[in-house]
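Numbered from 1 within each chain, the chains take letters A, B, ... in sequence-line order.
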2 protein chains.
Amino acid sequence: MDITFNTDPKLNILLPLLYHAWQDSELSTQEYKAIADFINKQDWLTKAEKDFLQSKIDAGVPPTRSELFHWREKIDTALQANPKTASFTDLGILIANAERTAVKDEDIAKIAPAVALLEQQLGIIGVDALSAYRKKESITAQHNTEHTFDPAAMTALLDADHSDIINKVKSIISRKDFTPVVDSDINAFREKVLGWCKVLANEGLGSYAYPVAYGGSGDMEAYFAIMETLSYQDLSLVIKFGVQFGLWGMSVMFLGTEKHHKKYLPAIGALELPGCFAMTETHHGSNVKDIRTTATYNHATRSFTIHTPEKYDRKEYIGNAAVHGEAATVFAKLIIDGKDYGVNAFIVTIRNKEKQTLPGVTIEDCGHKMGLNGVDNGIITFDNVEIPYENMLDKFAGVNENGEFESPIPSDNRRFFTMLGTLVGGRIGIPRSALAAGKVGLATAIKYGDKRKQFGPESGQEVPILNYRMHQRRLMPYLANAYALTFALQYLTKRFINRSEADMQEIEALAAGLKSYTTWNVRNTLQECREACGGKGYLSENRIDDLKNDTEIYTTFEGDNTVLMQLTAKNRLGEFRKQFGEMSVSTIFNYVVEQAKTGITEKNPFATRNTDEAHLKDPAFHLQAFKYRERELVNSAAKRFKKLTDDGLEPFDAANIMHPHMLQISDSYLDRVILEQFQTKLETVTDQSLKEALTGLYQLFALNKLEEHKAWYLEQGYMEGVKTKAIRKLVSQLCWEIRQDAVPLVDAFNIPENCLGAIAADKIAEA
Amino acid sequence: MDITFNTDPKLNILLPLLYHAWQDSELSTQEYKAIADFINKQDWLTKAEKDFLQSKIDAGVPPTRSELFHWREKIDTALQANPKTASFTDLGILIANAERTAVKDEDIAKIAPAVALLEQQLGIIGVDALSAYRKKESITAQHNTEHTFDPAAMTALLDADHSDIINKVKSIISRKDFTPVVDSDINAFREKVLGWCKVLANEGLGSYAYPVAYGGSGDMEAYFAIMETLSYQDLSLVIKFGVQFGLWGMSVMFLGTEKHHKKYLPAIGALELPGCFAMTETHHGSNVKDIRTTATYNHATRSFTIHTPEKYDRKEYIGNAAVHGEAATVFAKLIIDGKDYGVNAFIVTIRNKEKQTLPGVTIEDCGHKMGLNGVDNGIITFDNVEIPYENMLDKFAGVNENGEFESPIPSDNRRFFTMLGTLVGGRIGIPRSALAAGKVGLATAIKYGDKRKQFGPESGQEVPILNYRMHQRRLMPYLANAYALTFALQYLTKRFINRSEADMQEIEALAAGLKSYTTWNVRNTLQECREACGGKGYLSENRIDDLKNDTEIYTTFEGDNTVLMQLTAKNRLGEFRKQFGEMSVSTIFNYVVEQAKTGITEKNPFATRNTDEAHLKDPAFHLQAFKYRERELVNSAAKRFKKLTDDGLEPFDAANIMHPHMLQISDSYLDRVILEQFQTKLETVTDQSLKEALTGLYQLFALNKLEEHKAWYLEQGYMEGVKTKAIRKLVSQLCWEIRQDAVPLVDAFNIPENCLGAIAADKIAEA
């Protein structure tokens with residue numbers, strides 16, 4: 001009788017190993033050798049048995065598919081009956097014993113240890129390899145969405161005191177004719193956006209921030225909530241809206257005086273007078289102070305001549321200019337009698353009501369852009385355009401009856417920054433808009449990840465991709481950031497609204513910084529969201545492309561992020577120096593002692609190695625660590641700059657070397673402000689279920705930032721490796737936990753259904 | 001006589017301080033107080049003089065603009081005559097002495113120390129503050145492009161042995177009718193791209209990789225050079241080209257047999273038979289093994305029935321499907337007699353020559369996408385479509401005359417991976433294409449940064465933005481990566497071309513890894529390039545938008561990057577286990593000793609703190625550090641996995657926890673391979689000027705990676721803070737140095753002029 005596994009049951013002890021060796025690939029040389037050697041050495045095998053087994057590892061005559069199939073059936077049956085089997089050898093024994101003829105115990109006693117050794121030689125780690133054959137319950141597979149809090153309550157918390165206006169805007173953009181546009185012709189798209197703007201103006205939303213006397217509602221804070229909420233729908237609309245009612249209208253409001261307000265604000269708010277904000281020139285963007293357009297005062301006629309001296313001094317990227325704008329606030333150097341009085345602002349009419357360009361004004365279309373193609377950006381060149389005396393926006397400077405320059409602010413520099421300071425609102429509106437766009441991306445990616453299944457435990461169901469740790473690590477920190485920044489930007493808005501003169505510099509620094517911080521964060525958020533949605537994220541119907549391409553320029557306009565971060569850092573360094581300047585000797589002594597204390601309380605071996613979970617989750621620890629980074633970066637920058645210049649470097653060169661350091665200063669300052677605002681917000685939350693969900697997000701925000709900067713903390717000796725590793729682990733754990741809240745957390749953004757892409761809308765539950 | 005600065009010269013000693021206090025802002029309370037106190041305390045001042053000075057710090061009556069202007073003139077005159085003046089006090093003395101009436105020496109002796117003290121109290125750091133008034137030479141301002149090597153020689157080095165075909169492709173895409181398209185209507189764009197493809201096919205480029213016998217040139221390596229070079233022009237073209245000649249043609253070439261080659265390859269290569277590669281389904285993308293389309297064998301007719309069982313089992317994102325494709329390689333589960341024989345490939349005709357969809361085939365258009373809108377992606381659903389027996393691509397599996405499944409590879413798993421393995425070429429073509437797109441971005445941003453000026457030293461010219469350290473840190477490392485990856489991808493290509501069966505698994509892992517590594521790197525590169533070009537980077541005419549949006553999907557298609565990185569890591573772990581498996585006890589002992597040596601040679605206090613520049617630039621140090629990371633990550637992963645499963649976790653759950661760790665394994669492996677290839681390449685360079693430029697790039701690549709991973713090295717104790725800080729400094733220094741080579745280094749890419757945006761083309765030198 002031929003030898004087979006059926007006729008010679010004990011041989012089955014080897015069957016799982018043989019199956020495993022063949023299963024994934026040809027037998028490797030090493031496997032072949034180990035098995036062949038093993039067979040040859042076994043004295044409990046007859047020659048015939050050895051030949052049979054050798055034939056089963058012959059690369060020339062591999063087992064047939066049906067033979068392998070049969071082996072697999074035996075394995076499956078045995079494993080299902082004995083799920084706790086821990087090795088291939090044990091499994092083999094089970095299979096052998098299941099044959100009609102039982103195997104003798106003494107045979108098993110002889111064979112088992114030898115096979116176990118072979119198993120080891122083959123380098124098979126039992127549990128791991130065997131798991132592939134096992135049907136089982138996996139934690140990963142069961143980790144799904146839970147509903148521990150009421151999303152509507154969370155929405156109320158996020159909307160804070162602006163629910164009414166937010167809901168009004170949402171009800172408008174939910175209308176069918178506000179459905180976002182995909183791949184429209186550029187001209188049609190521009191008209192569509194203008195039409196949307198008109199609807200908003202008619203609803204009184206355009207003039208919301210203007211004084212009641214001029215047709216507005218006198219509510220600047222609500223204006224920001226409007227811009228933010230509109231951002232769920234279409235960002236071309238937001239920018240068109242912001243150009244018309246924010247940049248154009250508010251330049252008149254803040255730089256002009258009563259006569260301007262009376263004459264222009266009602267028409268601007270009603271969108272009867274579409275206008276532009278013409279500051280940037282081709283050759284001067286970030287460096288606005290050096291723009292070259294001139295406004296020359298004519299004594300005889302008491303008028304100004306607006307002129308573009310050379311080609312690249314033209315105004316570029318100007319929103320509303322290519323097609324719709326009829327007027328513009330033009331920034332130009334005021335020249336009186338050949339003398340340059342610095343940058344000032346003038347209202348210039350550029351088109352008549354028939355939309356014909358006026359004489360002396362040349363306008364080119366910026367053409368197709370990466371995004372925001374619903375906004376008609378243009379290039380304006382002025383050829384000696386005369387404007388009347390009243391058109392100078394004269395809040396901060398003017399020309400008196402004698403044709404002399406007059407200003408309540410004598411320094412050109414200071415006047416310039418005061419003027420710009422009034423326009424800081426743009427740096428609040430933009431990050432708030434960006435953040436809303438990021439939230440649409442997060443809602444899309446998280447809802448998709450919750451439904452989309454791919455891969456799973458062997459012989460189990462596929463699992464939602466949001467259950468994968470890597471996927472969680474990619475999205476959850478941005479979800480935490482979105483919440484953190486919501487509170488931080490609300491705080492910034494309130495500070496701006498309630499600003500005092502003394503506050504102004506810090507508010508400007510904070511706005512410049514948060515604008516950069518937020519828009520970069522949203523850039524990264526939407527990038528992850530796009531990738532997290534795979535091919536679906538690439539289809540325009542799911543909107544991530546437009547959100548991404550539209551917000552792409554947010555890192556550049558209203559001030560290039562890198563430049564703004566330098567400004568913020570300069571303010572921080574300035575504050576630091578002022579502090580020092582104001583310090584008496586004893587204060588300085590106290591400061592040094594305070595600094596030294598850090599060494600004792602925060603940098604002792606216990607603290608730097610403390611991996612206790614309660615400690616790592618303690619808000620006091622977070623704040624201390626964030627403040628330490630902020631303080632040290634400023635401190636070392638001051639020292640470093642002094643050393644570089646002491647070493648003979650020109651200050652401009654020294655400052656250049658320090659640019660990356662300066663960026664870190666701003667970053668650490670912003671991190672700390674955002675952390676504090678999140679902590680402050682948490683203290684006000686009374687609903688326990690909301691508080692728990694928010695606390696997780698807060699902890700993730702804090703620890704994720706610490707992890708991001710762990711190299712710095714390690715370099716400083718503020719933390720040791722054990723602690724940074726513990727933080728990494730805790731971040732993973734928090735991501736895992738927050739995953740269960742993730743869908744309700746994005747539901748709480750309460751984004752209108754028509755603004756979500758197909759894969760995020762609830763109707764595609766089955767996708 | 002009234003007291004003035006002119007009539008009372010000694011008062012001028014205070015003038016610079018007063019000017020400085022007023023210049024930027026109102027006097028701060030602190031400044032006011034310090035100056036007022038100072039004035040009151042000076043016994044060398046008369047009451048009238050005190051009153052005069054007090055009047056100059058009165059916030060109620062600030063100095064007029066012309067008064068400030070006059071002060072400034074005095075300061076400028078004095079400073080220009082005495083550029084080395086070190087303090088405001090010294091400057092004041094100079095101004096005082098320049099008055100018509102000289103100041104008495106004893107007055108100066110009295111006044112100077114007091115003013116110097118005031119200067120200190122005001123917290124003015126002399127050199128810093130004074131520098132604002134000084135005209136000077138700045139290193140930053142003078143750091144411009146130099147020409148130390150011949151870009152054409154560098155081009156030859158980069159093109160290596162494929163100059164001829166590369167130049168041929170460049171000459172075609174330089175033609176006027178190949179000028180990239182901006183904002184075209186989607187239908188027009190698709191036809192345009194098809195037309196371009198036809199030109200390429202007519203030039204014999206489509207069939208380049210096919211055997212000579214079937215109309216090709218039999219040169220697969222050149223095929224990759226073609227795809228790469230085409231990527232300078234338009235990525236829709238590249239993908240259309242890749243779908244037709246690569247995916248469709250090569251699936252026939254690699255999965256089919258002679259009868260298929262003969263019948264299809266000539267028509268495919270000539271673009272007479274446009275076709276698709278239909279693998280991905282809506283519900284199964286990354287997890288291809290579980291696709292659900294079926295190919296059921298019909299015994300009676302010896303045919304197959306291709307069928308889409310449920311809605312989301314349809315083929316999605318299929319290139320060439322929406323409009324042009326007439327046939328497709330369809331991946332489906334082969335079913336014989338109700339039994340599932342795994343994924344196999346079949347040729348299915350989907351349209352007739354009149355482009356009408358055939359019965360049973362339903363095709364939808366994927367519609368507008370974020371990018372690549374010149375490619376007509378579609379969704380294909382099959383309703384029991386019968387295809388003839390010969391249409392099974394039967395290289396690896398077939399159905400014999402008895403209607404039985406037959407395959408030279410018994411294991412389903414292994415057959416599946418062998419099939420996919422032949423398609424690994426896509427994972428070489430894609431990163432090479434991405435890299436070329438990244439190079440267009442780099443050429444654009446670097447040439448723009450070299451010309452674009454903004455800001456500058458006070459009273460100096462504005463400087464090119466590429467002279468700013470921050471700008472360099474953003475772009476130079478990506479320039480280094482672009483060179484490094486050029487060599488690494490050439491190496492991968494050659495290994496693929498010259499592959500042996502035994503090599504195949506590693507080549508697949510390397511291709512999967514490099515595809516991810518490169519496409520992520522290019523994603524980041526183009527992001528920085530966009531921002532580095534500011535508003536210009538947002539205009540479609542400068543092409544960064546299309547490059548960015550087109551390559552955006554490169555991180556997803558041909559395998560989602562995150563999933564591919566897991567595959568690569570699994571291969572590395574497998575290799576590690578195999579190594580262990582093959583080790584005898586003595587080898588293991590040696591391994592352990594070897595590991596321990598690391599502790600002695602690399603982790604001793606001298607090494608971990610060694611900041612010597614020669615050491616930091618030493619290729620041996622780099623390789624050692626890269627290998628250490630690679631080895632430790634694999635090592636710890638193996639241990640960690642064992643621990644997690646020993647602790648009772650299901651392997652699927654344990655693997656899930658380890659996903660981020662796995663990504664690091666792949667990353668470290670790829671870093672090391674790329675580093676080695678750069679080192680190897682450098683050894684072959686004989687031209688000294690090229691070698692120097694490349695050495696700088698090499699060092700930047702190596703040190704930038706070490707800096708990127710410094711947190712890990714610090715955690716491991718492989719480096720201490722002093723060393724990581726020294727590396728950071730050296731990276732900055734290398735960026736600064738390479739900036740001078742940057743323009744020639746991108747010129748060496750030799751990108752056709754019409755493929756560069758307006759701001760990068762040489763003609764806009766004046767912009």
Side-chain angles (χ1 to χ4, degrees), chain A residues 22-25 30 62-63 65 68 123 127-128 131 136 138-140 182-183 285-287 317 366-370 410-411 413-414 454-455 457 468-470 473 531 534-535 538-541 545 553 555-556 560 562 577 581-582 645 650-653 656-657 659-660 710-711 714-715 721 724, chain B residues 22-25 30 62-63 65 68 123 127-128 131 136 138-140 182-183 285-287 317 366-370 410-411 413-414 454-455 457 468-470 473 531 534-535 538-540 545 553 555-556 560 562 577 580-582 645 650-653 656-657 659-660 710-711 714-715 721 724:
Chain A
W22 281 112
Q23 186 229 355
D24 262 340
S25 58
Q30 175 232 341
R65 200 181 172 290
L68 280 172
V127 179
D128 177 15
S131 78
K136 65 197 133 307
S138 136
I139 304 169
T140 304
V182 169
D183 181 33
S286 291
N287 186 8
Y317 312 113
C366 288
H368 195 268
K369 306 183 299 288
M370 187 168 185
S411 149
N413 227 356
R414 178 162 152 69
Q454 207 76 175
F455 298 109
Y468 292 111
R469 301 272 183 164
M470 198 61 222
R473 288 265 346 197
E531 292 180 38
Y538 202 60
L539 299 180
S540 298
E541 65 178 28
D545 61 344
I553 197 64
T555 57
T556 298
D560 175 89
T562 307
R577 279 184 185 155
E582 278 167 7
T645 49
E650 285 302 333
F652 182 69
D653 297 326
N656 192 10
I657 288 178
H659 277 177
K710 69 180 174 180
L714 287 160
E715 279 179 347
T724 56
Chain B
W22 280 111
Q23 185 231 356
D24 263 341
S25 58
Q30 176 230 343
R65 201 186 172 283
L68 281 171
V127 180
D128 177 16
S131 76
K136 65 197 136 295
S138 134
I139 305 170
T140 304
V182 169
D183 181 34
S286 291
N287 187 7
Y317 312 113
C366 287
H368 196 268
K369 307 184 297 287
M370 187 169 186
S411 149
N413 228 354
R414 180 163 150 70
Q454 206 77 173
F455 299 109
Y468 292 110
R469 302 272 182 162
M470 198 62 221
R473 288 260 354 192
E531 293 181 38
Y538 201 59
L539 299 180
S540 298
D545 61 344
I553 197 64
T555 57
T556 299
D560 175 88
T562 308
R577 280 182 185 158
F580 257 101
E582 277 167 7
T645 48
E650 286 303 332
F652 181 69
D653 297 327
N656 192 10
I657 288 178
H659 277 177
K710 69 180 175 181
L714 287 161
E715 279 179 346
T724 56

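For B:Thr562, the part lying near chain A is the side chain, with the backbone staying farther off; criterion is any non-hydrogen pair under 4.5 Å. At a 4.5 Å heavy-atom cutoff, the contact between B:Asp560 and chain A is made by side-chain atoms alone. Both the backbone and the side chain of A:Pro660 come within contact range of chain B, judged by heavy atoms closer than 4.5 Å. For A:Tyr317, the part sitting under 4.5 Å from any heavy atom of chain B is the side chain, from C-beta outward, and nothing else. Looking at B:Leu68, only its side chain comes within 4.5 Å of chain A, counting heavy atoms on both sides. Heavy atoms of A:Asn656 lying under 4.5 Å from chain B belong to its backbone as well as its side chain.
To the nearest 0.5 Å, atom NE2 of residue B:His368 and atom CD of residue A:Glu541 are 12.5 Å apart. In this structure, the separation between CG on B:Asn287 and CZ on A:Phe455 is 4.5 Å, given to the nearest 0.5 Å.
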Item checked: Trace of the side-chain contact (heavy atoms from CB on, under 4.5 Å) decision for B:Lys369 with A:Asp545 -> CA-CA 8 Å; B:Lys369 307 184 297 287; A:Asp545 61 344; over 6 Å; no

Margin query: Pair B:Glu715, A:Leu714 - check side-chain contact (heavy atoms from CB on, under 4.5 Å), show working.
Written below: CA-CA 8 Å; B:Glu715 279 179 346; A:Leu714 287 160; 3.8 Å; yes

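For B:Asp653 (side chain) and A:Thr140 (main-chain N/O), a donor-acceptor pair under 3.5 Å exists by modelled atom type. Without hydrogens or angle criteria, A:Glu531 side chain to B:Thr556 main chain gives no donor-acceptor distance under 3.5 Å. One N or O on the side chain of B:Gln454 and one on the backbone of A:Ser286 form a donor-acceptor pair closer than 3.5 Å.
Pairing each heavy atom of B:Pro410 with each of A:Pro63, the nearest pair is CB-O, 3.3 Å.
Each of B:Gly367, B:Gly534, B:Cys366 has some count of heavy-atom pairs under 4.5 Å with chain A, and the biggest count is that of B:Gly534.
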